[in-house]
There are 2 protein chains.
Amino acid sequence: MKAAELAKSLGTTADTVRYYTRLGLLKPAKSVNGYKSYSNKEVSRLKFILSARNLGFSVADIKEIINESEDGKSACPLVRSLIKERLEETEKQFQAMLALRGKMSSALSRWEEMEDKAPTANMVCHLIENFEQIKKA
Amino acid sequence: MKAAELAKSLGTTADTVRYYTRLGLLKPAKSVNGYKSYSNKEVSRLKFILSARNLGFSVADIKEIINESEDGKSACPLVRSLIKERLEETEKQFQAMLALRGKMSSALSRWEEMEDKAPTANMVCHLIENFEQIKKA
DNA sequence: CTTAGACCTGTGTCTAAGACACAGGTCAAG
DNA sequence: CTTGACCTGTGTCTTAGACACAGGTCTAAG
């Protein structure tokens with residue numbers, strides 16, 4: 001099985017397959033022609049990686065998880081602790097995006113009623129430069 | 001004014017100042033000793049950049065905006081159209097994060113009641129591997 | 001004047017997770 | 001045997017700075 005076939009069978013790209021292979025998450029055999037040859041084991045391995053990515057784990061997390069399981073240990077405790085961390089990060093980013101979205105949207109609606117101004121020596125764009133101040137007023 | 005002074009006066013880092021300088025957004029004079037020397041014009045320029053970053057513009061956007069204004073044109077139309085784009089992107093990312101947060105949080109709570117399992121030949125971690133399926137059941 | 005130490009410099013490299021470019025290899029149809 | 005479609009591995013690029021590092025500057029003490 002070639003990289004592109006594996007990729008297509010799981011709905012991802014050959015570049016992604018090659019990336020995981022470069023990192024050592026997939027370990028294909030070298031086929032005769034020098035191409036990498038992926039077996040059924042790689043299919044389920046990739047399926048696992050994609051599921052984990054989908055749940056918010058980083059590739060580094062996944063590497064750690066796989067290493068643990070390859071040592072014969074249960075990865076479950078690690079998995080639980082990692083997702084706790086990732087969820088906290090996600091929550092922070094989520095709040096940040098929420099705030100940003102509000103700011104952007106309020107800027108957009110305010111700016112639609114404001115006139116254009118030419119730049120001056122100390123002003124690039126009055127829309128941006130006055131935004132925070134106006135807000136306070 | 002040295003990079004670190006400029007940075008501190010606006011609550012950012014010297015690395016950030018140097019980064020913007022590298023990109024040509026700040027154009028300090030060369031001081032005698034070879035260090036870069038920032039004037040008051042750079043202070044207001046940096047203030048502008050930080051405000052724009054804060055509103056969700058990318059550094060590339062800001063470069064574009066500054067170029068427009070340095071051509072003597074009003075950057076306002078560009079600014080409005082850029083923020084519209086950025087807001088749409090932010091909205092998409094926001095929805096994605098919302099969904100991800102929900103998925104992660106539901107995974108976490110479910111996994112806390114599930115037992116550890118040792119890995120098998122075709123299973124790295126049953127928590128992850130069974131998550132989507134269980135959800136459907 | 002000298003020296004120590006604190007602080008600063010510019011430059012180069014690193015990050016995540018692939019996407020993209022590219023020179024070249026493979027392979028089926030003709 | 002050749003054309004063309006598709007594939008390969010490798011190297012570089014992306015964001016917005018952070019960090020490392022060898023060395024320069026500057027102030028205070030001796």
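Values below: all heavy atoms of this structure, side chains included; hydrogens, waters and symmetry mates excluded.
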- [ ] Mind grabbing the angle between the end helix axes of the helix from C/dC1-D/dG30 to C/dG30-D/dC1? Five pairs an end, 10° rounding.
- [x] 40°
TODO: Would you confirm whether A/S74, through its side chain, and B/K117, through its main-chain N or O, come within 3.5 Å as a donor-acceptor pair?
DONE: yes
Open item on the list: Test of understanding: with salt bridge (charged side-chain N to carboxylate O under 4.0 Å, His left out), list the residues that count as partners of B/E5, not counting sequence neighbours.
Closed with: none
- [ ] List in chain and number order the residues that pass salt bridge (charged side-chain N to carboxylate O under 4.0 Å, His left out) with B/K27, two or more places apart in sequence or in another chain; answer none if no residue qualifies.
- [x] B/E70
Task: Minimum-distance nucleotide to B/K36 side chain [options: D/dT8, C/dT11, C/dT9] - done: C/dT11
TODO: Ignoring the backbone of A/T13, work out which of D/dT8, C/dC8, C/dA19 is nearest its side chain.
DONE: C/dA19
Round to a whole Å and report the spacing from [atom1] of [X] to [atom2] of [N].
X: B/L23; N: C/dG10; atom1: CG; atom2: P; value: 15 Å
X: A/Y35; N: C/dA23; atom1: OH; atom2: C1'; value: 12 Å
X: B/L26; N: D/dA16; atom1: CG; atom2: P; value: 15 Å
X: A/K2; N: D/dA5; atom1: NZ; atom2: P; value: 16 Å
X: B/E5; N: D/dT25; atom1: CD; atom2: P; value: 16 Å
X: A/L50; N: C/dG18; atom1: CG; atom2: C1'; value: 12 Å
X: A/R18; N: C/dG18; atom1: CZ; atom2: C1'; value: 11 Å
X: B/E64; N: D/dT15; atom1: CD; atom2: P; value: 13 Å

With no hydrogens and no angle check, just 3.5 Å: does a side-chain donor-acceptor pair link [X] and [Y]?
X: A/E91; Y: A/Q95; result: yes
X: A/N122; Y: A/T120; result: yes
X: A/N54; Y: A/S51; result: no

Open item on the list: Give the residues of residues 83-91 of chain A touching DNA chain C, defined as any heavy atom closer than 4.0 Å, sorted by residue number.
Closed with: none
- [ ] For each nucleotide in nucleotides 12-17 of chain C, reading 5' to 3', give B when a protein heavy atom comes within less than 4.0 Å of its base, S when such contact involves only the sugar-phosphate, and - otherwise.
- [x] B----B
Task: Cluster check A/M123, B/V79: I/L/V/M/F/W/Y, side chain < 4.5 angstrom - done: no
Task: Between CZ on residue A/F57 and CD1 on residue A/I62, distance to nearest 0.5 Å - done: 8.0 Å
TODO: If you link ILVMFWY side chains whenever their heavy atoms are less than 4.5 Å apart, which other residues fall into the same cluster as A/F94? By chain and number, please.
DONE: A/M97, A/L98, B/F94, B/M97, B/L98
Task: Under 4.0 angstrom between A/T16 side-chain N/O and C/dA19 OP1 or OP2 - done: yes
Task: Enclosure of A/N40 CG (heavy-atom neighbours >12, cutoff 6.0 Å) - done: no
Open item on the list: Looking at B/K84 and A/E112, is there a salt bridge between them, counting it only when a charged N and a carboxylate O are closer than 4.0 Å?
Closed with: yes
